[in-house]
Amino acid sequence: MSLRSHFPIFTYYPDLVYLDNASTAQKPSVVIEGMKHHMEQEYANIHRGAYNLSEASEVLYHGSKEAVIWLINARETSEISYSYNATSAINILVTSLIASLDLKKWDKVLLSRAEHHANTVPWLIAKNTTGIEVEFVDLDVDFQLDFADLEAKLTSNVRVVSLTAASNVTGAVFDLIRVRDVIRSKNPDSLFIVDGSQWVPHFQVDVQTLDIDYMVFTGHKLMSDTGIGIMYGKKSLLKKLTPSIGGGGAINWVREDSFAPAGLPSRFEPGTPHIIGAGSLLRAIEFMESIGGYKEIERIEKDLASYTLKKWQEFKKQFPEVRLIGSEKEEGRIGVFSFVTEKIHISDLADAFADREICVRAGHHCAEPLMQSQWISGSIRMSLFLYNTHEDIDRFFEVFKEILSSVR
Ligand SMILES: Cc1ncc(COP(=O)(O)O)c(C=O)c1O
């Protein structure tokens with residue numbers, strides 16, 4: 001059975017060229033069928049029922065967290081809490097940290113210029129409410145983190161370093177081992193937070209080896225349903241983190257004038273969670289494992305990225321005015337490629353691709369500071385995942401040529 005045949009979308013649309021994976025991933029049958037099975041045969045609310053259906057839902061929810069700890073090498077499920085997406089997970093983390101760390105004027109948070117708005121805006125809101133400084137670490141010519149700049153900016157008032165592991169615009173994968181070493185040697189008290197949204201779908205992640213304090217990522221880019229965001233935190237830190245949100249399911253007891261939060265991780269999950277979404281994440285992780293795990297995913301994606309770069313070298317000889325916003329090297333990247341051209345407005349370009357059943361994305365990709373640092377307003381982005389093929393990449397470049405030739 002070919003990998004692609006696990007994904008019903010390609011049966012419904014055999015000519016579809018889906019190259020918008022940095023935005024969200026298509027779903028394999030096991031995820032879709034698993035959700036249907038759960039809703040038909042196992043569905044009830046968790047935590048509050050002694051009956052079989054509630055227990056079945058509880059097993060699924062808990063099983064999903066077991067799968068996540070295996071995926072990222074966390075220690076135990078108490079280190080994993082769910083919310084709606086990576087964005088909500090970062091927001092919960094940032095607002096909880098403000099109170100717990102007593103962040104105030106002159107404290108500094110370091111981000112990189114490659115951050116998605118999800119890891120920028122919550123910190124800028126914190127800046128407005130607390131007066132903290134938010135500073136951005138530069139990128140080098142290969143769109144990698146500029147380590148000299150990181151070291152220079154990692155002053156003693158830095159309380160948090162929060163970085164994406166991989167850029168959703170340039171595809172650059174940051175060297176987090178080196179980041180860890182710089183932080184731990186220069187400013188060991190600052191927190192090391194990672195946005196793993198573009199990383200966990202593609203590369204083996206080990207939060208313990210990297211000594212990551214907190215990490216967020218989002219299930220839908222990993223083939224689960226939308227509406228499931230993951231926050232990992234070291235247990236020792238989570239115990240001291242006061243949740244900024246609360247409600248049913250997140251408490252031990254409530255009085256008219258006080259309450260006691262529940263244990264970990266429930267205290268970060270008030271209200272009824274996305275039980276079916278959590279189950280879909282479990283099925284997605286099982287699917288990854290069933291096709292050979294990260295070893296196979298990395299092999300497929302490395303080949304796809306390498307083929308794209310080869311095609312790009314041919315393409316740019318014919319269209320030297322088109323620029324790649326990202327490294328031309330195979331190493332240190334995921335299969336995310338952003339292009340800019342003055343020849344045609346990027347939204348017209350995206351429409352022209354869409355007319356030919358090619359799904360790409362145009363715009364600033366929720367990374368406006370990065371766009372500004374490159375003096376551009378947006379790019380056209382194609383992004384690859386495990387079910388893409390060389391034919392998809394050929395088709396992308398053929399159509400790109402055809403569109404540009406028609407406006408010459
Ligand atoms: C690097 C990065 N971080 C965070 C997010 C936000 O993910 P979500 O919209 O699921 O919250 C994205 C989405 O594209 C992303 O690429």
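Everything quoted here is computed from the prediction, not taken from an experiment. Whatever order the structure lists ligands and atoms in, that order sets their numbers, starting from 1. Index from 1, following the sequence.
- With respect to the salt-bridge test (charged N to carboxylate O, under 4.0 angstrom), the residues Glu135 and Lys108 qualify.
- Centroid-to-centroid, the aromatic rings of Phe287 and His6 come within less than 6.0 Å.
- For the salt bridge (charged side-chain N to carboxylate O under 4.0 Å, His left out) test, no residue two or more places apart in sequence or in another chain qualifies with Lys127.
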Enumerate, one pair per line, all nitrogen or oxygen atoms of ligand 1 lying under 3.5 Å from a protein nitrogen or oxygen, stating the separation to 0.1 Å; write 'none' if no such pair exists.
residue  : atom   : partner : partner atom : Å
ligand 1 : 3 (N)  : Asp195  : OD1          : 3.4
ligand 1 : 3 (N)  : Asp195  : OD2          : 2.5
ligand 1 : 3 (N)  : Ser197  : OG           : 3.4
ligand 1 : 10 (O) : Thr218  : OG1          : 2.6
ligand 1 : 10 (O) : His220  : NE2          : 2.8
ligand 1 : 11 (O) : Ala86   : N            : 3.2
ligand 1 : 11 (O) : Thr87   : N            : 2.9
ligand 1 : 11 (O) : Thr87   : OG1          : 2.6
ligand 1 : 14 (O) : His116  : NE2          : 3.4
ligand 1 : 14 (O) : Lys221  : NZ           : 2.6
ligand 1 : 16 (O) : Gln198  : NE2          : 2.7

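- The pair Lys310-Glu314 does not count as a salt bridge, with every side-chain nitrogen at least 4.0 angstrom from each carboxylate oxygen.
- If you run side-chain contact (heavy atoms from CB on, under 4.5 Å) between Pro28 and each of Met223, Glu33, Met288, only Met223 comes through.
- Looking only at distances, a side-chain donor or acceptor of Ser54 sits under 3.5 Å from a matching main-chain atom of Asn45.
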